[in-house]
Amino acid sequence: MMKRAMLGAALVAVALIPSVSHAQRRSSAAQPLKFSLGAGVAMPMSDWGDVVGTGFSVNGTGTKKLAGSPVFLRGEAAVTIFGSKDIQGSGIKGSGNQFAGMFDVGYSFVTSTTVKPYVLGGLGLHHSTMKVDMTSAGGNKASDSNDDLGVNVGGGMRFRMGSRNAALEARYISAGDVKHLPIGLSIEF
């Protein structure tokens, strides 16, 4: 039931975006699509944090600012690899990874400084895999994977880094049993 509600909300948002975007395009020139690459640490949370270690995340994004508005749309592809962790001192090691495609709507706050804070949130499709290595406890290796609709919320700040725009961002991502907090730096090009 929750997945249907989230999917319904996403469809309504996607249906409304073209009309908002069309109205704003009439008032000013269209903004270009901007791409960035990012990397950072991913801290597992909740029960997921009990079975996997801190991870590393890389992502690529495409961002489109709506003309004449502080609102932006962003598509993202991300890969997160979680480190191995001894599950409660049992000698059984857990690790995992997640591949995600996400769509977010964001809002950039207007400031008079070169640092531009923003918030964002959205939905995504996540393929998560958990691996368990029980060989040190006399067992075998096993893995399980799931595909889930997930949600994410977060924020960050854009700033200049040399000749490029950069962003420092943190988000909470929840997809099925996998919950984590990626914190990363991205560079626009």
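In what follows, residues are counted from 1 in the order of the sequence shown. The figures here come from the full heavy-atom set of this structure, side chains too, leaving out hydrogens, waters and symmetry mates. Note that this is a predicted model, so its numbers are computed, not measured.
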Could you note down all residue pairs passing ring pair (Phe, Tyr, Trp, His ring centres under 6.0 Å) where residues 39-69 supplies at least one of them, sequence neighbours left out?
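Residue pairs with at least one partner in residues 39-69: W48-F82.
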
Residue pairs fulfilling side chain to side chain donor-acceptor pair (under 3.5 Å) with at least one residue in residues 51-62, sequence neighbours excluded:
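As it turns out, the side chain to side chain donor-acceptor pair (under 3.5 Å) pairs with a partner in residues 51-62, which skip direct neighbours, are S36-T61, S57-T80, N59-E76.
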
Contact list for residues 99-108, test side chain to side chain donor-acceptor pair (under 3.5 Å), sequence neighbours left out
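Pairs touching residues 99-108 that pass the test: D104-N152, D104-R171, S108-R158.
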
Closest approach of L33 and G62, non-hydrogen atoms and distance?
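Distance-wise, the nearest heavy atoms are CD1-C, 4.0 Å.
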
Give me the atom names and distance for the closest heavy-atom approach of V52 to G96.
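Nearest heavy atoms, V52 then G96: CG1-N, 3.9 Å.
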
What salt bridge (Lys or Arg N to Asp or Glu O under 4.0 Å) pairs are there with at least one residue in residues 79-102, not counting sequence neighbours?
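Qualifying pairs, neighbours excluded: none.
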
When rounded to the nearest 0.5 angstrom, what is the spacing between [atom1] in [X] and [atom2] in [Y]?
X    : Y    : atom1 : atom2 : answer
D133 : K141 : CG    : NZ    : 5.0 Å
K64  : L73  : NZ    : CG    : 9.0 Å
T129 : K131 : OG1   : NZ    : 6.5 Å

Hey, mind stepping through H126 and D148 against side chain to side chain donor-acceptor pair (under 3.5 Å) and telling me if it holds?
CA-CA 5 Å; H126 302 262; D148 295 295; over 6 Å; no

Report yes or no: do L66 and F109 belong to one cluster of Ile/Leu/Val/Met/Phe/Trp/Tyr joined by side chain heavy-atom distances under 4.5 Å?
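Result: yes, single cluster for both.
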
Does V41 share a hydrophobic cluster with V58, counting links as ILVMFWY side-chain heavy atoms below 4.5 Å and allowing steps through other members?
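As far as the 4.5 Å side-chain criterion goes, V58 and V41 are not connected within one cluster.
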
Those residues that, when tested against [X], pass side chain to side chain contact (heavy atoms under 4.5 Å, CB included) (two or more places apart):
X    : result
L168 : F159
D144 : N146
M157 : V115

For F35, all residues meeting ring-ring contact (aromatic ring centres under 6.0 Å, His included), sequence neighbours excluded:
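ring-ring contact (aromatic ring centres under 6.0 Å, His included) list for F35, sorted by chain: empty.
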
Once ring-ring contact (aromatic ring centres under 6.0 Å, His included) is applied, do any residues pair with F99, and if so which ones, sequence neighbours excluded?
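With neighbours one apart ignored, the set is empty.
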
Check: residues 116-123 side-chain donor-acceptor pairs under 3.5 Å, at least two apart:
residue: K116; atom: NZ; partner: T111; partner atom: O; Å: 3.0
residue: K116; atom: NZ; partner: T111; partner atom: OG1; Å: 3.3
residue: K116; atom: NZ; partner: T113; partner atom: O; Å: 2.8
residue: Y118; atom: OH; partner: E169; partner atom: OE1; Å: 2.5

Report all side-chain donor-acceptor pairs from residues 176-189 shorter than 3.5 Å, counting only partners two or more places apart or in another chain.
residue: K179; atom: NZ; partner: G176; partner atom: O; Å: 2.7
residue: H180; atom: NE2; partner: Q98; partner atom: OE1; Å: 2.9
residue: E188; atom: OE2; partner: N165; partner atom: ND2; Å: 3.3

Run the side chain to side chain contact (heavy atoms under 4.5 Å, CB included) check on L125 and L149 step by step: do they pass?
CA-CA 5 Å; L125 295 175; L149 181 64; 4.0 Å; yes

Under the 4.5 Å side-chain heavy-atom rule for ILVMFWY, direct or indirect, which residues accompany I173?
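Direct or chained contacts put I173 with M102.
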
